[in-house]
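Scroll down for the structure; my scribbles are underneath it.
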Amino acid sequence: MRPFTYERAADPAAAAKAAAQNPDARFLAGGTNLLDLMKLGIERPGHLIDVARLPLAAIEDTADGGLRLGAMTTNSTVAGDPRVRARYPVLAHALLAGASPQLRNKATTGGNLVQRTRCLYFYDPSKPCNKRDPGAGCSALGGLNRGSAILGQSEHCVAANPSDMAVALQVLDASVETVGADGATRSIAIDDLHRLPGDTPHIETSLKPGELITAVVLPPPPEGPQAYRKARDRASYAGGLASVALAGGRVALGAVSLKPWRARKAEAALAAGATPAEAAEAELAPARSQGGNDFKINLTRRLMAAVIQTGKA
């Protein structure tokens, strides 16, 4: 274990300021991802800022009929909240499809959004990885890439985002509230939070140095059916191969890109009268595989059509 210093944050603004002053710092909440990465030597923070005890664990109704989820609410708490289950079932289903009960009891809303990819080569410090070491190369391009991205990838990175929750938040048009090092707050649309790899795959979000997520805000639930389905190798302790979220006329995909993928081409096709299969084909027309993940294109196509058809039934 590498030595590091530790502090318990007094308030959100103080936490953000401390993180901005120390580029080697990391926020610690549930620790379900960070601690594993530290044990493997992938994350090597010199300073940990404990934000788990900040008063950010409430789930509150908003004036317009939505919900505000504090960043420290656990995934289990959100999934079990009666208001979430009744008004945002796609979110409850997505959370229950992720990880295991033990992890959901610790993982937080804010931490879920910034978890790192599960790419095999990212987790292996002996292999080149542009996310760990910019400019080193992407081992997955010619290696074991069964779980790699099929949309939005680049020659520098083909990793996929592992979050189920973020996929559901896409179709709910959620936003993320943050506080910065100067104490200023801002709201970020969920679609703007995560970044595609481009030539800087190590920069994964639009968060500024030290910026801390304090809440996720859900607008009033959309009209129409909601659904979430996920394909994976086994029912637990396995990451997703592809997932589809549906809410009203909106569709999003998971495990197919480095960011949760809003299927806007499919949405436009459906609005123009296309069948579910035609809409899925329109969205996946630019999809590219890496050899080991050829099957993911057809898997995603069929999963999309099935979920959209469920919404039409």
Side-chain angles (χ1 to χ4, degrees), residues 59-62 64-69 73-99 104 107 109 112-113 161-176 189-191 193-194 215-232 235 240-257 259-280 282-284 299-313:
I59 300 178
E60 304 168 308
D61 289 287
T62 59
D64 63 356
L67 280 181
R68 185 177 185 274
L69 313 175
T73 53
T74 67
N75 289 178
S76 292
T77 298
V78 175
D81 187 276
R83 294 164 292 181
V84 174
R85 294 171 63 186
R87 289 146 58 181
Y88 307 97
V90 64
L91 177 57
H93 294 163
L95 287 167
L96 292 174
R104 292 195 296 268
T109 296
N112 189 305
L113 289 175
N161 187 291
S163 176
D164 289 280
M165 182 185 78
V167 184
L169 295 180
Q170 280 278 352
V171 293
L172 294 173
D173 272 349
S175 59
V176 175
I190 190 66
D191 197 35
L193 178 64
H194 300 95
V216 170
V217 178
L218 303 174
E223 295 183 4
Q226 298 182 28
Y228 188 81
R229 287 183 62 182
K230 178 179 179 179
R232 49 184 168 176
L241 296 170
S243 64
V244 180
L246 172 73
R250 299 193 286 264
V251 183
L253 309 177
V256 299
S257 178
K259 65 177 291 181
W261 189 269
R262 181 70 177 270
R264 299 189 186 278
K265 293 178 181 177
E267 293 173 2
L270 290 169
T275 66
E278 291 169 341
E283 190 64 43
L284 294 170
L299 172 65
T300 306
R301 181 186 294 114
R302 296 176 66 178
L303 192 64
M304 281 185 71
V307 173
I308 294 169
Q309 185 61 49
T310 299
K312 288 179 172 291

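Only this structure's heavy atoms are used, side chains among them; waters, hydrogens and symmetry mates stay out. As the structure is a computational prediction, the values presented were derived from the model and not from experiment.
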How many angstroms lie between OG1 in Thr74 and CG in Asn112, if you round to the nearest 0.5 Å?
->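 It comes to 11.0 Å.
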Give the C-alpha distance, both sets of side-chain angles, the deciding distance and a yes or no for side chain to side chain contact (heavy atoms under 4.5 Å, CB included) between Val171 and Leu246.
-> CA-CA 6 Å; Val171 293; Leu246 172 73; 5.9 Å; no
Run the numbers on Lys259 and Asp191 for side chain to side chain contact (heavy atoms under 4.5 Å, CB included), then give the verdict.
-> CA-CA 8 Å; Lys259 65 177 291 181; Asp191 197 35; 3.4 Å; yes
Identified side-chain contact (heavy atoms from CB on, under 4.5 Å) partner of Leu218 from the options Asp173, Leu172, Ile190 =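 One option only clears the test, and that one is Leu172.
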Check: Ser163/Asn161 side-chain N/O donor and acceptor closer than 3.5 Å |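 No, no side-chain donor-acceptor pair sits under 3.5 Å.
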Hey, is the main chain of [Y] close enough, under 3.5 Å, to the side chain of [X] for a donor-acceptor pair?
X	Y	result
Thr300	Ala242	no
His194	Leu113	yes
Gln170	Trp261	no
Lys230	Ala94	no
Ser76	Arg104	yes

Between Leu284 and Met304, is a side chain to side chain contact (heavy atoms under 4.5 Å, CB included) present by the stated rule, with each step listed?
-> CA-CA 10 Å; Leu284 294 170; Met304 281 185 71; 4.2 Å; yes
Step by step, work out the side chain to side chain contact (heavy atoms under 4.5 Å, CB included) result for Leu241 and Leu303.
-> CA-CA 11 Å; Leu241 296 170; Leu303 192 64; over 6 Å; no
Inspect the contact between Asp164 and Arg232 and indicate whether a charged nitrogen and a carboxylate oxygen are less than 4.0 angstrom apart.
-> no
For residues 268-277, pull every pair meeting side-chain hydrogen bond (donor to acceptor under 3.5 Å, both in side chains), keeping only residues two or more places apart or in separate chains.
-> Thr275-Glu278
If we only count heavy atoms from C-beta on, is the Leu67 to Asp61 side-chain gap below 4.5 Å?
->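 Side chain of Leu67 against side chain of Asp61, heavy atoms only: contact under 4.5 Å found.
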Side-chain heavy atoms of Leu91 within contact of Val216, under 4.5 Å | no
Side-chain donor/acceptor pairs under 3.5 Å, residues 219-226, sequence neighbours excluded:
unit_1: Gln226; atom_1: OE1; unit_2: Val90; atom_2: N; d: 3.2
unit_1: Gln226; atom_1: NE2; unit_2: Arg87; atom_2: O; d: 3.1

Inspect the surroundings of CZ in Arg302 and state if more than 12 heavy atoms from other residues, nucleotides or ligands are less than 6.0 Å away.
-> no
